[in-house]
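Data block below; observations after.
The chain is numbered in sequence order, starting from 1. Bear in mind that the values here come from a model prediction, so they are computed numbers and not experimental data.
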Amino acid sequence: MAPRTRILALLSGLLLFTAAGSMFALFTLVRADDELHRVAGHDVPLLKVVTEITAAHLEQSIRFERALRYARDREESPRAVARYEAAKQEFEELAAGVWNSLQEGRGIAGRTAAQGDDPRTREEAAAVLALLEHIDVGHNAYAEQVRAVFSLLHSGRRNEARSLAARIEGDENQLQQALGRLLVEASSSSEDASLRAQSNEQRALWVTGALAGLGILLGAFVFVHLARLVSEIKSLGGLLPICSHCKKIRDDRGYWNQLEAYFEAHSDAAFTHGICADCQEQLHARVAAERPSESPATPGEGVRTHLV
């Protein structure tokens with residue numbers, strides 16, 4: 001292979017390797033960036049909303065218990081009446097906050113379930129969305145039952161209010177269990193996404209480092225070969241051992257090569273055969289010297305010679 005061809009082949013290989021390695025590292029980094037965007041845009045906000053819902057529902061339960069206790073003391077303490085009304089108002093505010101948080105969480109989970117980047121993300125978001133919808137229905141029913149208790153207390157039907165409050169306690173436990181599952185599901189999804197993002201980032205860094213090391217090794221390999229090729233090319237401009245008789249050239253390994261073969265192997269030169277004017281004249285003179293001299297012949301001999 002000619003030196004220029006070998007140089008182009010080595011440089012092309014190095015360029016292709018660098019381009020392929022860079023593209024692979026970029027792809028890995030993009031995946032890590034996508035996971036981080038998912039965590040920042042979906043998992044963290046959703047986990048925040050779920051935490052707010054859980055905390056607000058717990059506060060609701062506390063306000064409901066306070067309202068029941070203050071309702072028993074309303075006739076004995078005038079201050080209990082004001083506390084009862086304040087507890088009712090706080091319950092309603094918390095109920096509105098839980099409803100708003102549930103709608104926000106359903107929106108986040110619904111968008112991710114419909115537009116997630118991969119099937120796993122969409123599946124996790126769909127599971128969270130189903131839990132949120134279940135909790136939304138349960139919370140609305142819970143809030144309506146509590147309002148019914150307040151209405152019974154307002155009308156003086158305490159026994160019915162206590163009976164309904166006892167039934168609410170069982171429904172509330174189920175709702176709290178659903179909230180616990182939702183919190184675990186959202187936390188697990190966020191943790192898995194964070195771990196995947198971290199893994200992809202570490203893989204990208206490892207791949208980038210490995211490609212950089214391989215690139216250095218390949219670059220050193222190319223440099224050594226280029227130096228060798230340059231040395232071979234420079235040898236064409238120095239002293240070449242050539243046979244004084246057959247004109248063969250001795251290479252660096254001690255082998256004698258035809259002049260044409262040596263230059264074709266160590267340069268981009270190609271040979272085509274011709275004949276110079278001096279050699280042509282010498283060749284004609286030699287052919288003329290080797291041709292037998294012509295002598296006068298008799299007519300009969302000429303005929304015989306022509307027939308032969």
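Paired with Ile53 under the rule side chain to side chain contact (heavy atoms under 4.5 Å, CB included), one option of Leu132, Asp136, Leu183 passes, and it is Leu132.
Checked by atom type and distance alone, the side chain of Asn100 pairs as donor or acceptor with a backbone atom of Ala96 at under 3.5 Å.
Within the model, atoms CZ of Phe91 and CD of Glu59 stand 12.0 Å from one another, a figure rounded to the nearest 0.5 Å. Taken to the nearest 0.5 Å, the NE2 atom of His134 stands 11.5 Å off from the CG atom of Leu102. Taking CD from Gln176 and CD from Gln174, the interatomic distance works out to 11.0 Å, rounded to the nearest 0.5 Å. Distance check: Tyr70 OH to Arg79 CZ gives 9.5 Å after rounding to the nearest 0.5 Å. Atom-to-atom distance recorded for Arg66:CZ and Glu90:CD is 7.0 Å, nearest 0.5 angstrom. If you take CG on Leu164 and CZ on Arg157, they are separated by 10.5 Å, rounding to the nearest 0.5 Å.
Shortest non-hydrogen contact noted between Val98 and His57 is CG2-N, 4.0 Å.
Looking only at side-chain heavy atoms (C-beta outward), Leu68 and Tyr84 stay at 4.5 Å or farther from each other.
Remark: Glu65 does not engage Arg69 in a salt bridge, criterion side-chain N to carboxylate O under 4.0 Å. Salt-bridge formation is not detected for the pair Glu92/Lys88: no Lys NZ or Arg NE/NH1/NH2 atom is positioned less than 4.0 Å from an Asp or Glu carboxylate oxygen.
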*Audit row: Glu185, Arg181, salt bridge (charged side-chain N to carboxylate O under 4.0 Å, His left out) steps and yes/no*: CA-CA 6 Å; Glu185 188 73 27; Arg181 292 196 302 271; over 6 Å; no
_Derivation of the side chain to side chain contact (heavy atoms under 4.5 Å, CB included) call for Leu129 and Arg106_ = CA-CA 6 Å; Leu129 178 61; Arg106 289 177 61 179; 4.1 Å; yes
